[in-house]
Amino acid sequence: MTYITAETVSPGHPDKIADLISDYVLTEALKNNKSSRVAVETFLTGTNDGGLVVVGGEISESANIHDDEVEKIVREALSITIKSSFEDFDLNKLSIQNVLTPQSEEIRSAVEDDKDQGAGDQGIMVGFATNETDSFMPKTFDTARKIQMELWNFQNENSLLDLDSKVQVTTGGEKIKVVVSTQHKKEANIDEINNQVESLVSNFISDDFILDLNPSGSFVKGGPAGDTGLTGRKIVVDAYGPTIPVGGGAFSGKDPSKVDRSGAYAARHLAKNIVAHNLAEKCLVRIAYAIGKSEPYEVTVDTFGSKADNVLDDFITKFDMKPRVIIERLGLIDVNYKKDGMFSHFGHADRNWEEVEDI
């Protein structure tokens with residue numbers, strides 16, 4: 001018997017809050033200057049004097065992101081991810097530090113001097129698609145994510161719930177096992193929440209399932225008050241779940257010249273189009289780059305036994321994987337990065353890299 005387990009987390013999880021803040025900074029930088037180069041990370045933690053948020057990394061000076069703007073950005077992101085203040089992470093006492101520095105001149109010149117635009121970093125990017133779900137995502141991960149998205153709505157609507165949560169789904173046994181951890185107020189009736197969450201889960205799982213709600217017990221203190229948050233620490237949740245290999249780096253806080261992001265989006269775009277055009281039932285794409293070089297060092301397409309005939313080979317050549325071409329093809333300068341990191345970067349029909357091309 002083969003078991004498959006997949007996990008997702010809400011935007012109120014401390015690591016995803018950090019991702020969101022970093023992408024808010026990126027969005028503001030690109031709004032100020034479309035040529036901005038951004039590699040931003042955020043750190044959040046509870047402290048004895050009300051909590052700390054540190055925003056750091058490299059950013060073009062032309063992006064014009066100053067201390068007051070960083071504080072505004074941080075508070076805007078926190079306003080949709082945190083409902084309640086705690087003594088050690090109090091929204092009214094919070095310390096916000098801006099330690100952004102100018103981008104490395106060596107990196108800038110390596111990328112910009114190439115007329116074709118070189119890759120902003122070296123690394124390996126992975127894209128995947130399967131026809132087993134409408135979203136072209138792995139089935140167990142897709143189920144966990146759908147539950148997580150509906151749970152997020154429930155958390156926002158229910159005054160007795162806060163916004164940190166996780167969902168885990170295990171398939172392959174006699175019954176599907178679902179673990180849900182959701183932050184709540186002290187006065188919440190856990191039995192009542194259990195019944196509501198059980199009803200929520202049943203909307204996405206028609207087979208018999210076992211629900212384990214808040215297995216650690218009470219979950220009142222959550223978000224950065226309960227655990228440290230750091231950008232880029234949820235790369236499996238951000239991608240396809242644990243059944244698909246991840247590439248070399250995280251996505252959030254990076255402008256599209258960084259192939260960790262744009263290359264991963266392009267790999268998904270190609271994989272999904274191969275499956276959507278019935279050239280394979282599932283497909284995994286690997287792309288590798290060297291910093292400053294525009295031509296990828298590897299583009300590998302695995303269709304898991306589908307015949308790699310001339311039709312497939314010709315189809316793949318229509319997807320140029322040079323960074324500048326990817327950015328233009330997928331419109332990555334004008335993307336709303338404030339939303340694309342919620343509930344995985346993939347499998348959402350309104351993302352440019354999810355579009356099925358008319359080829």
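These numbers come from a predicted model, not from an experiment.
- When every heavy atom of S135 is checked against every heavy atom of D142, the shortest pair comes out as OG-OD1, 2.7 Å.
- Between V246 and V126 there is no side-chain heavy-atom pair separated by less than 4.5 Å.
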For salt bridge (charged side-chain N to carboxylate O under 4.0 Å, His left out), just list the numbers for K83 and D162, CA-CA rounded to whole Å, side-chain angles, deciding distance to a tenth of an Å, and then say yes or no. CA-CA 6 Å; K83 275 188 186 180; D162 277 307; 5.5 Å; no
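- The shortest side-chain heavy-atom distance between I193 and L213 falls under the 4.5 Å cut-off.
- For residues 181-233, there are no ring pair (Phe, Tyr, Trp, His ring centres under 6.0 Å) pairs, not counting sequence neighbours.
- Inter-residue side-chain proximity for R261 and V335 is flagged as unmet; no heavy-atom pair is nearer than 4.5 Å.
- In this structure, P224 and I17 have side chains that are in contact, with non-hydrogen atoms separated by less than 4.5 Å.
- Within 6.0 Å of atom CG in N48, 12 or fewer heavy atoms from other residues, nucleotides or ligands are found, so the atom counts as exposed in its surroundings.
- Residues satisfying the side-chain hydrogen bond (donor to acceptor under 3.5 Å, both in side chains) criterion with T47, sequence neighbours excluded, are D49.
- With S294 contributing its side chain and K322 its backbone, the two residues share no donor-acceptor pair below 3.5 Å.
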Do any side-chain atoms of residues 73-82 form donor-acceptor pairs under 3.5 angstrom with protein atoms, and if so which ones, sequence neighbours left out?
from	atom 1	to	atom 2	distance (Å)
R75	NE	E71	OE2	3.3
R75	NH1	L91	O	2.7
E76	OE2	K338	NZ	3.2
S79	OG	E76	O	2.6
T81	OG1	A77	O	2.9

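- Grouped by direct or indirect side-chain proximity (heavy atoms under 4.5 Å, Ile/Leu/Val/Met/Phe/Trp/Tyr only), F136 sits with V275.
- Between S36 and I59 there is no side-chain heavy-atom pair separated by less than 4.5 Å.
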I'd like to know whether D350 forms a side chain to side chain contact (heavy atoms under 4.5 Å, CB included) with K339, so could you lay out the CA-CA distance, the side-chain angles of the two residues, the decisive distance to 0.1 Å, and finally the verdict. CA-CA 11 Å; D350 62 344; K339 69 175 184 178; 3.0 Å; yes
Determine whether E58 and R37 satisfy the following criterion, salt bridge (charged side-chain N to carboxylate O under 4.0 Å, His left out), listing intermediate values before the conclusion. CA-CA 8 Å; E58 295 188 337; R37 296 291 178 252; over 6 Å; no
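- Looking at I21, L52, T228, L230 one by one, the single match for side chain to side chain contact (heavy atoms under 4.5 Å, CB included) with L44 turns out to be I21.
- Other cluster members for V9: V237, joined by side-chain heavy-atom distances under 4.5 Å among Ile, Leu, Val, Met, Phe, Trp and Tyr.
- The salt bridge (charged side-chain N to carboxylate O under 4.0 Å, His left out) check on K93 picks up nothing, with sequence neighbours excluded.
- At a cut-off of 3.5 Å, with distance as the only test, a side-chain donor of S165 or Q155 sits close to an acceptor on the other residue.
- Residue-environment remark: CD (Q122) stays at or below the threshold of 12 foreign heavy atoms within 6.0 Å.
- Hydrophobic cluster of I124: no remaining members, since no ILVMFWY side chain lies below 4.5 Å from it.
- One N or O on the side chain of D19 and one on the backbone of G232 form a donor-acceptor pair closer than 3.5 Å.
- Counting heavy atoms of neighbouring residues, nucleotides and ligands inside a 6.0 Å radius, atom CD of E298 exceeds 12 of them.
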Tell me, with the steps shown, if I205 and I147 meet side chain to side chain contact (heavy atoms under 4.5 Å, CB included). CA-CA 9 Å; I205 300 177; I147 294 170; 4.1 Å; yes
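- A donor-acceptor contact shorter than 3.5 Å links the side chain of K272 to the backbone of E354.
- Side-chain atoms of H66 never come within 3.5 Å of backbone atoms of D68 as a donor-acceptor pair (strictly under, hydrogens ignored).
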After noting the C-alpha distance and the side-chain angles of R145 and H348, does the key distance pass the side chain to side chain contact (heavy atoms under 4.5 Å, CB included) rule? CA-CA 11 Å; R145 187 177 62 162; H348 305 281; 3.3 Å; yes
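- Two residues are said to be in side-chain contact when any heavy atoms from C-beta on lie closer than 4.5 Å; H277 and V356 meet this criterion.
- A distance of 10.5 Å separates CG of L332 from OG of S257, quoted to the nearest 0.5 Å.
- Between F346 and F251, the distance from one ring center to the other falls under 6.0 angstrom.
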Check the pair E28, K31 against salt bridge (charged side-chain N to carboxylate O under 4.0 Å, His left out), reporting the backbone distance first and the verdict last. CA-CA 5 Å; E28 190 68 20; K31 185 176 76 173; 3.5 Å; yes
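- When all heavy atoms are compared, the tightest approach of C283 to I274 is SG-CD1, 3.7 Å.
- The backbone N or O of V220 lies less than 3.5 Å from a partner atom in the side chain of Q183, making a donor-acceptor pair.
- Judged purely by atom type and a 3.5 angstrom limit, Q148 uses its side chain to pair as donor or acceptor with the backbone of V167.
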So N33 and N64, side chain to side chain contact (heavy atoms under 4.5 Å, CB included) or not? Walk me through it. CA-CA 8 Å; N33 186 329; N64 294 316; 6.0 Å; no
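- R351 is linked by a side-chain hydrogen bond (donor to acceptor under 3.5 Å, both in side chains) to nothing, counting only residues two or more places apart in sequence or in another chain.
- Residues S262 and I326 share a closest heavy-atom pair of O-CG2, 3.6 Å.
- Here K34 pairs with D334 in a salt bridge; the nearest charged N to carboxylate O distance falls below 4.0 Å.
- Proximity of a side-chain donor or acceptor of D208 to a complementary backbone N or O of K175 within less than 3.5 Å is not detected.
- Contacts of H345 classified as side-chain hydrogen bond (donor to acceptor under 3.5 Å, both in side chains), with partners at least two apart in sequence or in another chain: Y265.
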Show your reasoning for whether salt bridge (charged side-chain N to carboxylate O under 4.0 Å, His left out) applies to K16 and D238. CA-CA 9 Å; K16 293 309 298 173; D238 281 345; 2.6 Å; yes
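- Between the side chain of T143 and the main chain of K139, a donor-acceptor pair closer than 3.5 Å is present.
- P242 is not listed as a side-chain neighbour of T5, based on a closest heavy-atom distance of 4.5 Å or more.
- Between Y240 and P138, the shortest heavy-atom contact is O-CG, 3.5 Å.
- Judged by distance alone, the side chain of N32 and the main-chain N or O of L30 form no donor-acceptor pair under 3.5 Å.
- Through direct or relayed side-chain contacts under 4.5 Å between Ile, Leu, Val, Met, Phe, Trp and Tyr, V325 connects to no other residue.
- By the ring-ring contact (aromatic ring centres under 6.0 Å, His included) test, F43 pairs with no residue at all, sequence neighbours left out.
- Among all heavy-atom pairs drawn from S22 and T231, the shortest one is OG-OG1, 2.8 Å.
- Summarising the geometry, atom NZ belonging to K146 is positioned 6.0 Å from atom CG belonging to D134; distances are rounded to the nearest 0.5 Å.
- When atom types are taken as modelled, the side chain of D88 and the backbone of T45 share no donor-acceptor pair closer than 3.5 angstrom.
- Looking at residues two or more places apart in sequence or on another chain, you find no side-chain hydrogen bond (donor to acceptor under 3.5 Å, both in side chains) involving K177.
- The closest side-chain heavy-atom distance from R329 to M321 is below 4.5 Å.
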